[in-house]
Amino acid sequence: MQERIDGAGDLPATLERWRERDVFGASLRARAGAEPWVFYEGPPTANGRPGAHHVLSRVFKDIYPRYKTMRGYRVDRKGGWDCHGLPVEIAVEQKLGLKSKAEIESYGIEEFNRRCRESVFEYVEEWNRLTERIGFWLDLDDAYRTLDESYIESVWWALAQIAEKGLLYEGHKVVPYCPRCGTALSSHEVALGYRDVVDPSVYVKLRLLDSDESILIWTTTPWTLPGNVAVAVGPEIEYAKVRYGGETLILASGLVEKVLGGGAEVLQRMPGTELIGRGYRSPIFAMADRSPGGAPIIAGDFVTTEDGTGLVHIAPAFGEDDFRAAVAAKAGPIDPDNPGTVYNPVRPDGTYDARVRSIDGERSYEGRFVKDPQLAEDLIADLDAHGLLFKRQDYEHSYPHCWRCATPLIYYAKASWYIRTTAVKERMAQANQTVDWHPGHIRDGRFGEWLKGNVDWALSRERYWGTPLPVWRCPEGHTKVIGSFDELQRLSGESLQDHHRPYVDRIELRCAHEGGPEGEVCGQPMRRVPEVIDVWFDSGAMPFAQHHWPVENDERFAERFPADFICEALDQTRGWFYSLLAISTLLFDKAPYRNVVCLGLILDAEGQKMSKSKGNTVEPWQVIDTHGADAFRWYFFTSKQPWDGYRFSEEAIGEGVRLFLKQLWSTYFFYVLYAHANRDALADSAAAGEMSELDRWALSRTAATAQLVAERLDDYDATAAGRAIAELVDDISNWYVRRSRRRFWDGDPVAFETLRSCLIAIAKLLAPFCPFIADEIYDNLDGSLPSVHLCDFPVGDELPPREQELEAAMATARETVKLGLGARAKAKVKIRQPLAEAVVVADGRERAAIERLKGIVEEELNVRRVRFVDAAE
RNA sequence: GGGCGAUUAGCUCAGUCGGUUAGAGCGCUUCUCUGAUAAGGAAGAGGUCCCUGGUUCGAGUCCAGGAUCGCCCA
């Protein structure tokens, strides 16, 4: 033992020692043949700096694998990096000053993707440094990377499997679409970007063809009016013809008062069915390719009278309901199998095409961006100038925005590739039932409810930096899904070093489809479709793709699927938690994880969400430099249940340091100080004396805590486990040591041995929580193994068996002492002043307990003897 | 509008199966101790357990409705 008493235990020297002794590697090797306990790393993207919330998830990803390792399992911890996707592309676009897909293409996909490949690891050094410094043991040298050829090949295999089951299809739908990124988004991406905004809503009068009456429609998206081809009414809804301000208007009866106020005179009431089939003047705006005429009123089962007018303007290119209603009513030029023919005057970049002109036809709106607020104002002014505007009203609602570039999304008719997840919806729900969620309500609450509303996964992205969709297609429309690089090479005769765009786009196949009238082979050239896939599919494929399975590593994958444990923030319910489950259900019909810990959000001290724009983010390095990594970890583990979220404050971390880490350190310091001072005496005290009741109590309390900590950690309750350790440390420091001080001054070897045993056990209990201070204490007091992290968790026979009766007796004795000290204070007799006796009113069990520990009570109260009287007296 | 969650002392949080006078830490006041602790100990001030109703001998806890906040969805 050395007299190491500097600092608070969280020493960079500890890290150095781990490196020298290769402790992480040794901890894995020590469990080489043991039963595996499987952890999956949810891959972060390393193109930005890690923040406090990353520290949160990384320390929770660390504690359970450390604990399970100490319990005897082999816990491989393969790191991972998410490398593809829009977040990366957008960062590169900004760096290069590119503003659109056209600019990217003229810059060159090859060079653009090269920049993406570089950018994705821009901060990887800082991630690695932080990961190491906070004590997150993760195999970073052998991390999987979603951009690797092996990874992509496994993803292709998965897609080919899904295609073989008939669950991959090209669908023609109205999709949430980011006009800036030029791509459709999946529902879970849409879910990431809702924001509250105020949009102008307008009530528009449309004159009927067969009378001078007008129907009144309402929309929050005036920009969709040039795409209008019909108006829908609810067949079951009652409508009213009313006289108002010299005009005759038609709207739902139930909304007359809400929309028009009191000044409306109802002339007639009619069911919606009476309106269906009548025509109104169309188009609303002058469209270069449409001559003035009429458009029909059609039925729409989605029409409600909750807001608006009960008459809904239909622009099939910009709304799913609109699309379906228009198809059903055959309204407008529509071919449901070819959405290119849906009437759509908006270009893929979100601007109007040349057809859109002002109502009088004199000005062109070509090139105007549809979500530009000024465009809405111009359109409204145009409507007003031509007597079509009834009124405008600002409408506050939450509206989806692109989760990465923050552009408001539009709903837009286009072709996309889908995975028919709805085919396995029930199976996903059943797989979900096998998962232990922490907290438990996620299973049937948030996640269960989300699964119930499952829709097909919009998989494709018309982008550049991603896993290419391995679908080749010939001019006849025959498709081939490629499931491996071998297969591609066999069919094309070409081999690739890199299967990313643009290289993979150059590979041509010959169509082998045997569909001709005589059964002849098609034989036409096949080109790859242009899309890449949703990055969430990449990360969701990691259970097998990280091992390049099924191309190799059969055994490794079999052993490591499903995971025993994953842990991410709550927002991953619709992200990684979902993509893992969906892919796993599609391919293996089972859940890919057994236990999930969901972490909450980190808020600032005022309860505000942390964001860069508010400037209230917490810089992890600052916390580590001020308080140390153990303190940071301890705060996250013990300040509250992690799923409830945190109100982050440095003071709270400081409090944890002072109350727990400093207390532990000074107890250890005390031991080291006196053990060092008494080293000669201790060295030749072969004849150790009997343990006192106090010694046995300390050991029993320690054993009790070890049991409790193990039980709580088995239940993924680090909070209660950590708090139990803190209570133990307080008992040892403020009771065991305080009551035993004289023995330490006098060099009593039994006291030293007892305290040492407790401290070593505490170090082991604490090792998963605060790996630095735990190892420092262990290494100095024991050191029989190169690190505490190579030890077994102290739930075996390291400690003598518990003595529960003694624990209970001590609790009674301490309560007695508390009352005695209170009585002294009340009588203003200082503790220094010895007293002849303390009179204790107690009988039965209580009295026996105090009697047993009489000496301790007498010493603490500074009385010569304790005298008992029965409660009856 | 729907789903999920939260609301307990000035602050941060516990509160088990429905059961004594609702607890801890921090902060505050007074006293005390001090040969490890910017520590410890004792006493005190501080509570409409978000509100309303219900079930019950008994509700912080269970049920219903509402309010506020957060997240997710439409």
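In what follows, chains carry the letters A, B, and so on, assigned in the order in which the sequence lines appear, proteins first and then strands, with residues in each chain numbered from 1. Keep in mind the model is a prediction, meaning the values are calculated, not measured.
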Under a 3.5 Å cut-off for both distances, is [N] Watson-Crick or wobble paired, and to whom?
| N | answer |
| --- | --- |
| B/A36 | none |
| B/C62 | B/G54 |
| B/C4 | B/G70 |
| B/C49 | none |
| B/C13 | B/G23 |

Between [N] ([atom2]) and [X] ([atom1]): distance, integer Å:
| X | N | atom1 | atom2 | value |
| --- | --- | --- | --- | --- |
| A/Arg647 | B/A6 | CZ | P | 16 Å |
| A/Tyr668 | B/A36 | OH | P | 18 Å |
| A/Glu727 | B/C13 | CD | P | 19 Å |
| A/Asp644 | B/A14 | CG | P | 7 Å |
| A/Leu601 | B/A6 | CG | P | 16 Å |
| A/Gln641 | B/U16 | CD | P | 13 Å |
| A/Phe660 | B/A24 | CZ | P | 21 Å |
| A/Trp437 | B/G5 | CH2 | P | 15 Å |

Considering only atom [atom1], compute the distance from [N] to [M] and round it to an integer number of Å.
| N | M | atom1 | value |
| --- | --- | --- | --- |
| B/A59 | B/U55 | P | 11 Å |
| B/G23 | B/G47 | P | 14 Å |
| B/G27 | B/A36 | C1' | 26 Å |
| B/C13 | B/C57 | P | 38 Å |
| B/G19 | B/G15 | P | 14 Å |
| B/A45 | B/G10 | P | 14 Å |
| B/G40 | B/C4 | P | 44 Å |
| B/G53 | B/G60 | P | 14 Å |

Residue met sooner reading RNA chain B from 5', once A/Arg723 and A/Val737 are mapped to nucleotides: A/Arg723
Both A/Arg446 and A/Asp730 contact RNA chain B. Which one's nearest nucleotide lies toward the 5' end? A/Asp730
Select base, sugar-phosphate, or nothing to describe what [X] touches, counting heavy atoms under 4.0 Å on all strands.
| X | value |
| --- | --- |
| A/Thr573 | nothing |
| A/Leu570 | nothing |
| A/Phe447 | nothing |

Begin from the C-alpha positions of A/Trp450 and A/Phe577 and carry the test ring pair (Phe, Tyr, Trp, His ring centres under 6.0 Å) through to its verdict. CA-CA 11 Å; A/Trp450 158 258; A/Phe577 296 154; over 10 Å; no
Between A/Gln707 and A/Arg802, is there a side-chain heavy-atom distance shorter than 4.5 Å? yes
Quick check for you: among [options], whose closest atom lies nearest to any side-chain atom of [X]?
| X | options | result |
| --- | --- | --- |
| A/Leu659 | B/G35, B/A36, B/C26 | B/C26 |
| A/Lys640 | B/A36, B/C26, B/C13 | B/C13 |
| A/Glu449 | B/G25, B/G3, B/U37 | B/G3 |
| A/Tyr674 | B/A36, B/A14, B/A42 | B/A36 |
| A/His441 | B/C13, B/C26, B/C4 | B/C4 |

Does [N] have OP1 or OP2 under 4.0 Å away from a side-chain N or O of [X]?
| X | N | value |
| --- | --- | --- |
| A/Arg741 | B/G35 | no |
| A/Trp643 | B/A6 | no |
| A/Lys662 | B/U37 | no |

Ignoring hydrogens, what is the shortest heavy-atom contact between A/Ala751 and A/Asp695? Give both atom names and the distance. CA-OD1, 4.3 Å
Ion pair check, A/Glu860 and A/Arg814, cut-off under 4.0 Å: no
Looking at A/Asp715 and A/Arg712, is there a salt bridge between them, counting it only when a charged N and a carboxylate O are closer than 4.0 Å? yes
Is there a side-chain contact (heavy atoms from CB on, under 4.5 Å) between A/Trp437 and A/Asp444? Walk through the geometry before answering. CA-CA 10 Å; A/Trp437 291 87; A/Asp444 296 319; over 6 Å; no
Between A/Tyr716 and A/His438, how do the two ring planes meet: parallel, tilted or perpendicular, split at 30° and 60°? tilted
